[in-house]
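Heads up, the thing below is written out as structure tokens.
Each ligand, and each atom within it, is numbered from 1 in the order the structure gives.
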Amino acid sequence: MRYLSTRGGAASAGFRDILLGGLMEDGGLAVPQAYPHISGAELAAWRRLGYRELAFEIIRRYADDMAPAELKQIIDRTYTAAVFGSDDITPVRQLQPGFHVLGLSRGPTLAFKDIAMQLLGNLFEYVLAAAGHELNILGATSGDTGSSAEYAMRGKRGIRVFMLSPHRKMSPFQTAQMFSLQDPNIFNLAIRGVFDDCQDIVKSVSNDLAFKARHHIGAVNSINWARVVAQVVYYFKAYFAVTRSNEQQVSFAVPTGNFGNICAGHIARCMGLPIRQLILATNENDVLDQFFRTGIYRVRPPRQVVQTSSPSMDISKASNFERFIYDLIGRDAALVKRLWQQLDSEDVFDLSRTPHFARVADFGFVSGSSSHANRLDIIRRVYRDCGQIIDTHTADGVKVGLEHREEGVPLVCLETALPAKFAEAIREALGRDPDVPAGLENLERLPQRFTVLDPDVAVVKDFIERSCT
Ligand SMILES: *Cc1c(COP(=O)(O)O)cnc(C)c1O
């Protein structure tokens, strides 16, 4: 399998070549030259597979430059009951007949990002050992991504993590999750500022190419191709869980921010999984819902991003969206390049009066958005009718999923986090606290390890420099 850039200006590369990288050299994203098609016979055989076997069958088709035995061993080590709570890894539960929730949040940080990130940690360690060098991961987080990366990379040989977060601005649970880690290769840098300050510092450091090369600085952001591939697996797993035969179709509702999760659903559908609808749900930051309703993609300046009660979906633009647009416009890289140039200069492109936009339905996409009042209402209804507590992001998915639900088509809503992470909104909706998973009851009382720094690029560089010796 070779990988191309969505903008057509980079040499093709293998899976291992793009594993540690972010953007391709021309600024585009890596995409496989074709999606492997899964035959009816293969699909029938896959129905019997457990999570690890299924993951191996899917991922090996995208990572064919890794020795199969090594890949299998890495997958078997990653997806265990010890890490994900059960051998099912992603259990499906029913809320009502024909309406299911796919549990993706049983990993160490209680959000779906663990599923891909845990694999990434093991893949990175393997590839770095083979190449004989180290990696310093630098990132900015307002919550889920940072903690997921830290739990995936803790204790890994050859890897350090420097994670910037806005000082005293994450929820107490999220803060405790990250700062209670005592591993010497994890560095929590609490920046006196807001999330955008953290992001700006990461950008400045990454733009200093000499510093970046000298210290082997890398990232684990949501455009990482291996993360997307790892997420394809659970669409197959959930499909088999809620159907009896491969004649049936299933629709998925996906709480969406950077378009990584639903991009994996799009890929599963292109591989031949009988998905009827991919129902994209946004919160008040609805740039993607606007696109799917109107054909106009208008990104926002960071200062216009609304802070919501589903904060992991608070985005100004969706970093993985370029992968879908590439497919939507018939893999025309020159056109993608023009559209993103326009986006850079004018913050908008418009496909509304093109034949491309008319094909959105052929790709199964529909969309909707949700407000704070909507998500509290859904949390109350699910609690009252089904006796279960769902988190705010999942509630956005349920709200939009139900609006598009079709008679006779099973609907699966992806549970992207557990409610324990967002206790304040649960208290507001239900007047009670969410249950805290076993083993985490004392999390907020554990000793915390972090360094407070001024929002200053030189100070952060100096910290990295001193920690790398
Ligand atoms: C990251 C995240 C999302 C958004 O996922 P994308 O892949 O960025 O679309 C939704 N919910 C939760 C809880 C998340 O952490």
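- The distance criterion of under 3.5 Å between nitrogen or oxygen atoms is met by Asn258 with respect to ligand 1.
- Of the protein's non-hydrogen atoms, the one nearest atom 7 (O) of ligand 1 is Asn261 N, 2.9 Å.
- Against a heavy-atom cut-off of under 4.0 Å, Gly260 is close to the following atoms of ligand 1: 6 (P), 7 (O), 9 (O).
- When only modelled atom types and interatomic distance are considered, Asn207 and Ser204 share no side-chain donor-acceptor pair under 3.5 Å.
- Counting heavy atoms closer than 4.0 Å to ligand 1, residue Asp144 contributes side-chain atoms (C-beta onward) but none from N, CA, C or O.
- Considering backbone and side-chain atoms alike, Ala417 places every N or O at 3.5 Å or more from each N or O of ligand 1.
- Within the 4.5 Å cutoff, no side-chain heavy atoms of Phe187 are placed close to those of Thr451.
- Proximity of Phe112 to ligand 1, defined as any heavy-atom pair under 4.0 Å, is confined to the side chain (atoms from C-beta onward).
- For the atom pair CG of Leu104 and CD1 of Ile89, the computed distance is 11.5 Å after rounding to the nearest 0.5 Å.
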#### Entry: Chi angles and distances behind the salt bridge (charged side-chain N to carboxylate O under 4.0 Å, His left out) call for Asp88, Arg106
CA-CA 10 Å; Asp88 234 359; Arg106 311 301 152 96; over 6 Å; no
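- The shortest N/O to N/O separation between Met313 and ligand 1 does not fall below 3.5 Å.
- Considering backbone and side-chain N/O atoms, Thr416 comes within less than 3.5 Å of an N/O atom of ligand 1.
- Residue-ligand proximity, Thr256 to ligand 1, at heavy-atom distances under 4.0 Å covers atoms 9 (O).
- An N or O contact shorter than 3.5 Å is missing between His393 and ligand 1 by distance.
- Taking the six-membered ring for Trp and the full ring otherwise, Tyr234 and Tyr51 have centroids separated by 6.0 Å or more.
- With ligand atoms numbered from 1 in the order given, ligand 1 contributes 6 (P), 8 (O), 9 (O) to contacts under 4.0 Å with heavy atoms of Phe259.
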### Task
Check the pair Glu284, Arg375 against salt bridge (charged side-chain N to carboxylate O under 4.0 Å, His left out), reporting the backbone distance first and the verdict last.
CA-CA 11 Å; Glu284 292 89 332; Arg375 72 184 69 93; 2.7 Å; yes
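- Glu150 and Arg154 are not joined by a salt bridge, as no carboxylate oxygen comes within less than 4.0 angstrom of a charged side-chain nitrogen.
- For atom 14 (C) of ligand 1, the closest non-hydrogen atom of the protein is Lys113 NZ, 2.9 Å.
- The pair Lys317-Asp347 fails the salt-bridge criterion, with no side-chain N (NZ, NE, NH1 or NH2) lying under 4.0 Å from an Asp/Glu carboxylate O.
- Ion pairing between Asp362 and Arg269 fails under the 4.0 Å rule for side-chain N and carboxylate O.
- In the candidate list Cys263, Pro255, Ala281, Gly257, Gly257 is nearest to atom 9 (O) of ligand 1, counting heavy atoms.
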